[in-house]
Number of protein chains: 2
Amino acid sequence: MTKQDPTLDALFQALADPTRRAVLAHLASGPAPISDLAAPHDMALPSFLRHITVLEEAGLITSRKSGRVRTCKLAPARLREIEAWLTPYRPLWTREKPRYSQLAKSLYAKPSGT
Amino acid sequence: MTKQDPTLDALFQALADPTRRAVLAHLASGPAPISDLAAPHDMALPSFLRHITVLEEAGLITSRKSGRVRTCKLAPARLREIEAWLTPYRPLWTREKPRYSQLAKSLYAKPSGT
DNA sequence: GTCTTGCTTAGTCATGGGGCTAAGTATCAT
DNA sequence: ATGATACTTAGCCCCATGACTAAGCAAGAC
C-alpha cells in the first residue's frame, strides 16, 4: 500500500514451516549444534541446513562455527517484531466491541500492516 | 517433531505477503467489499482475489456475498493463535536472563512449536 | 598420516506461489 | 432488453521453495 516490508515477509515466511518452528522450540531450551537440531527430523542434512539458513536470514537465529561444529542460538528480537505487528490488532479480540476507528488510527500511524 | 500443524503453516504463510497484510490492515477499520480492498493495489483483480482466498482459507477473514458484492471482514481469532504461539517465547525478551529450562517446559507441555 | 565426524557446496527435480490475460456469470441500472 | 458492474473461472508463465544425491573440506580422533 504505502511501503513494503521485506523483513516482515521473511519473518512470517520463516515461521510458515513446521520444521523451522520445531527448531525454534528446540533452541528455546538453549543453544545447540546443527547435528543436535537435525537429529529429530527425518531429512537429509543439506535439506535441513536450508531451514537453518532461512531462519538465520530471517534473523530468528544466529550461529557461530567453532572447530567443525556450528552452534545456533535463538535471536528473540525478531519474535518481538511479530508481537509489535500484532499489537494494533489486539483490541479486536480483547474487547467485545471492535473500536474500529481507534484501530485504524494506530495502523496508519506506523504502517506495519503494509 | 511430534505433530504437524498445518493450520499454523497456513496462518504464517498467509501473513508472509505485504498485499495480504495490507488487506488485514484495511479490514481493521471495518468490513469492506472486494473492490474497495483491491483499489489501492496495482494488480489485476484475479491476482488480488487469490490473496483474498488465501486469507480466507487461513481463517483470517470471512466473506459473504450479497447481490454482486462480496463483503470481507476480519476474523481476529486466528491472530490470537499467533499470540498464543508466541507466548512461550515471550520470557526471552521480557527478562534479562533467558530461563531456558522453564521455557522448554512450556514448549513441551503443548507442542505449538512443531 | 589416515579415518571419521560435521558440516558445506553443487546440482537436480517436482511442486506451489504469485503474477497475467481472456472469457464467463450474475446483479443492478436504465 | 441492453449494458455496465463486480466478481469468478480457466489457463498459462516464471521463479522460489523444499526435498534429494553426490561430492568436497576442515577439524578432531587414533
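Letters go in sequence order (proteins before strands), and every chain restarts at 1.
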Q | Value in whole Å for how far the P atom of D:dC7 lies from CZ of B:Arg64 | A | 15 Å
(Q) Looking only at the side chain of A:Ser35 (C-beta and beyond, no hydrogens), which of the listed nucleotides C:dG6, C:dC20, D:dA4 gets closest? (A) C:dG6
Q | B:Glu56 CD - D:dC7 P separation (whole Å) | A | 13 Å
(Q) Counting only side-chain nitrogens and oxygens, does B:Arg50 get under 4.0 Å of the OP1 or OP2 atom of D:dT8? (A) no
Q.
What is the separation between atom CG on A:Asp17 and atom C1' on C:dG16, rounded to the nearest whole Å?
A. 14 Å
(Q) Categorize A:Pro46 for me: base, sugar-phosphate, or nothing, with a 4.0 angstrom heavy-atom threshold over every strand shown. (A) base
**Q.** Along DNA chain C (nearest heavy atom to each residue), the more 5'-positioned of B:Val54 and A:Pro33
**A.** A:Pro33
Q. Taking atom types as they are modelled, is there a donor-acceptor pair under 3.5 Å from the base of D:dA27 to the side chain of A:Arg68?
A. yes
Q.
Is B:Ser47 close enough to C:dG18 that one of its side-chain N or O atoms is under 4.0 Å from OP1 or OP2 there?
A. no
Q. OP1 or OP2 of C:dG6 less than 4.0 angstrom from a side-chain nitrogen or oxygen of A:Lys65, does that happen here?
A. no
Q | Whether A:Arg20 side chain and A:Leu15 backbone form a donor-acceptor pair below 3.5 Å | A | no
Q: Give the minimum heavy-atom separation between A:Ser47 and A:Met43, together with the two atoms involved.
A: CB-CG, 3.5 Å
Q | Interatomic distance, A:Asp36 CG vs C:dT5 C1' [rounded to whole Å] | A | 14 Å
Q: Identify whether any heavy atom of A:Ile34 sits under 4.0 Å from a base atom; if not, whether one sits that close to sugar-phosphate; answer base, sugar-phosphate or nothing.
A: sugar-phosphate
Q. Hey, which of these two, B:Leu49 or A:Ala16, hits DNA chain D nearer its 5' end, going by closest nucleotide?
A. B:Leu49
Q: Can you tell me the distance, in whole Å, between the CD atom of B:Gln13 and the P atom of C:dT15?
A: 18 Å
Q) Looking at A:Leu45 and A:Ala38, what are the two nearest heavy atoms and their distance? A) CD2-CB, 4.1 Å
Q.
Nearest to the side chain of B:Ala44, heavy atoms from C-beta on, is which of C:dC20, D:dC7, D:dG18?
A. C:dC20
Q: Would you kindly give the CG-to-C1' distance between B:Leu45 and C:dG19, to the nearest whole Å?
A: 13 Å
Q: Show the numbers, then the answer: is there a salt bridge (Lys or Arg N to Asp or Glu O under 4.0 Å) between B:Arg90 and B:Glu83?
A: CA-CA 10 Å; B:Arg90 204 167 284 129; B:Glu83 175 115 86; 3.1 Å; yes
Q: Would you please indicate yes or no on a ring centroid separation below 6.0 angstrom for B:Trp93 and B:Tyr89?
A: no
Q: Provide, to the nearest angstrom, the distance between the CD1 atom belonging to B:Ile52 and the P atom belonging to D:dA6.
A: 16 Å
Q: Taking only the side-chain heavy atoms of A:His51 (C-beta and beyond), determine which of C:dG18, D:dG18, C:dT8 contains the nearest atom.
A: D:dG18
Q: For B:Leu15 and C:dG17, give me the distance from atom CG to atom P, rounded to whole Å.
A: 15 Å
